[in-house]
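I have placed the structure first, in the form of C-alpha cells, so that the comments after it can refer back to it.
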Amino acid sequence: MKNRLKSLSPQFKKILKISSQIAHDSGHKIYLVGGVVRDLLLGRQVFDLDIAVEGDAIFFVERLAKHLGENFKRHHSFGTATLYHHGHKIDFATSREEKYSQAGALPKVKAAELKKDLWRRDFTINAMAISLNRQDYGGLIDFYGGRADLEKGLIRVLHPESFLDDSLRVLRAVRFEQRFSFKIENKTDSLMSQAIGAGALGWVNPHRLRDELILLLSEPSPYRYIKRFYSLERFNFIDKSLSLNKKDFRFFIRVQSMVNFYNQKLKRREIKVWVIYLAGILINLPSKDISQITAKFGFKKGERIIISSIKEGLKEVGKLNKKMKPSQIHKIMDKYSYEAVLFFYAYFPQALLRKNLRLFLNELSFLKLETAGRDLKKLGVESSSLMGQILRELLYLKLDQGLRTKREELRAVKKILKIK
Ligand code: ATP
C-alpha cells in the first residue's frame, strides 16, 4: 500500500508515528482527515494537521500530550482539542455524525465511525482520510470518490441537501474552485443555484459567514473570487441592494498591485488585506448601512473603524487632487490606517492625488521627530498639551522645510518659543 505521508516534514512524521503508537496502546483508531488529505494528494505543502479519533478524542489527546510533554487546549465544541508541538498545530476531533433536523439549523452531533464523519463533509475532495493505524498506516480511505474528483478537478457535494443543510458551502465551493482552478460539477452547480435562489445564505449565522468571507478575501488574488461570487450571488447575503460595477472590479485588480507594492517595498506592519477588499465591496452603500452590516457580522472594532473611515474619508481624500504642501497632506492622511491609504490609492484615478498619496506612503508617513517631550521640558515647557502642540508644529516644519538634524529641530523649537 502506498504511504501517502511521505511528503510530510520529519517533525510531523515523528508526531504521527508517536500518535499511532499511543492509539494502538489505548485501542483508539485515528485518521488524518479533510483538507490535509486533499493537499497531500495534490502535493501541496501542509502546515496544520486534522486528526479524527474514533472514540474519545480528549482522552486520546491527554495521553499524547503527556507523552510529548506538551499542553493542549480543549475546545467548547464537541470532543475537540488542539495540540502545539514545536510550532506545529494539530487539531483533534472525535469522529462524529451530524444530523440537520431543519435546513440551516445547527446540526445534532453524536460520536460515530469514520465513514459517517466523512459523509458530513462539504465536498468529495475534502472527504477523504489517511489511516494512522498500524495495520494500514499511510493508506488512503476514500468512500465517496474524492480521489477521482481530485484527478478530474471537480468540486462535488456528497448529497443533494448539502447546500441547504449548510449554505456556507457555497462560499467554500467558490473558494476551492478558484484556488485550484477546478470546476463545480454540473449537478452540484445546479444544487448550489437552487440553494442560493431559496435564500439559504440568509439562514446561516452571520459570524460563520463573516469567517468564511474573510477566508475568501484572504486568498491570493481575491479579485477572481469576488468576480465569481458576484456572478453567482451578488453578495446579496450581505445586503440586497449591494451592487458592483466595472469600475469597482478594476479597483479590485489595482488593490492587488498596491498590496504587492506595500509588501515588497514598505511593510511597516502586517496589514489585513481582506479589509481593503471588503471595504471595496461595501463602498457603494450608504455609511449607515455599512456600519449596520459590519456590526451585524461581528467584525472587530478596529476592522469596523477602518471600513467606516474609508467610506467617510472619500470626500476629504478626494480633495488631495491639487498641489499641496507635505504638511497639508500629512494633516489629512495621518489619521488613516495603511489599509485605508492603500484603498484610496487604488480607488482614485487622478494623477495629482495619487502623487500626493505616494509621497505620503513612501516618505511622509515614515518621518519622525528627533525631538521628544523631555527636550521641550529642558527648554521650560511644562504643560503636556502645549508640548503636543509644539511637537505637531515642529513636525509640520520638518515636513515642509526638511529639517534634518536634532540641532535644526531644536533651533526651530526655540523659534516657535521665541527663545534665543
Ligand atoms: P483550507 O485549505 O482553506 O484550510 P480546509 O479544507 O482544510 O481548507 P477547513 O475550514 O480547515 O478547510 O476545514 C477542514 C475540513 O473540515 C474540510 O476539509 C472539510 O472536510 C470540513 N469542513 C469545513 N467546513 C465545512 C462545512 N461548512 N461543511 C462541511 N464540511 C466542512
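In this chain, residues are counted from 1 in sequence order. Order of listing sets the numbers, starting from 1, for every ligand and every atom in it.
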*Near N71 CG, under 6.0 Å, is it more than 12 heavy atoms from other residues, nucleotides or ligands?*
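At most 12 heavy atoms, drawn from other residues, nucleotides or ligands, come within 6.0 Å of this atom.
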*For R374, does the CZ atom have more than 12 heavy-atom neighbours from other residues, nucleotides or ligands under 6.0 Å away?*
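At most 12 heavy atoms, drawn from other residues, nucleotides or ligands, come within 6.0 Å of this atom.
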*Looking only at N/O atoms, are G35 and ligand 1 under 3.5 Å apart anywhere?*
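Yes; the residue has a nitrogen or oxygen that sits under 3.5 Å from a nitrogen or oxygen of the ligand.
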*asked:* If you measure every N or O of R38 against every N or O of ligand 1, does any of those distances drop under 3.5 Å?
replied: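 It does: an N or O of R38 is found under 3.5 Å from an N or O of ligand 1.
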*Looking at K267, R268, K272, which one forms a salt bridge (charged side-chain N to carboxylate O under 4.0 Å, His left out) with E270?*
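Of the listed options, the one satisfying the test is K267.
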*Using heavy atoms and a threshold below 4.0 Å, how should the contact between D166 and ligand 1 be classified: side chain, backbone, both, or neither?*
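Near ligand 1, D166 shows its side chain, while the N, CA, C and O stay back.
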*asked:* Heavy atoms only, cut-off 4.0 Å: how does R175 contact ligand 1, side chain, backbone, both, or neither?
replied: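 The side chain, only.
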*What atoms in ligand 1 come closer than 4.0 Å to a heavy atom of R169?*
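Result: 26 (C), 28 (N), 29 (C).
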*Counting each atom of ligand 1 from 1 as listed, which ones have a heavy atom of R179 under 4.0 Å away?*
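Heavy-atom distances to R179 below 4.0 Å select 1 (P), 2 (O), 3 (O).
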_Just to verify, which of D149, T124, D122 counts as forming a side chain to side chain donor-acceptor pair (under 3.5 Å) with R156?_
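That would be D149; it is the only one of D149, T124, D122 passing the side chain to side chain donor-acceptor pair (under 3.5 Å) with R156.
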Determine whether the side chains of [X] and [Y] contain a donor N or O and an acceptor N or O closer than 3.5 Å.
| X | Y | value |
| --- | --- | --- |
| S287 | E312 | yes |
| Q256 | Y277 | yes |
| Y225 | R175 | no |

*To which protein heavy atom is atom 19 (C) of ligand 1 closest, and what is the distance rounded to 0.1 Å?*
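Nearest neighbour among protein heavy atoms for atom 19 (C) of ligand 1, to 0.1 Å: D122 OD1, 3.5 Å.
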*Identity and separation of the nearest protein heavy atom to atom 14 (C) of ligand 1*: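 Result for atom 14 (C) of ligand 1: D50 OD2, 3.9 Å.
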*Which one of R172, R208, R44, R121 has a non-hydrogen atom at the shortest distance from atom 22 (N) of ligand 1?*
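The nearest heavy atom belongs to R172.
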*asked:* Could you check whether any heavy atom of F176 sits closer than 4.0 Å to an atom of ligand 1, since that is the contact criterion I want to use?
replied: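 Yes; F176 lies near enough to ligand 1 that a heavy-atom distance drops under 4.0 Å.
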*State whether any protein heavy atom lies less than 4.0 Å from atom 11 (O) of ligand 1.*
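There is no protein heavy atom less than 4.0 Å from atom 11 (O) of ligand 1.
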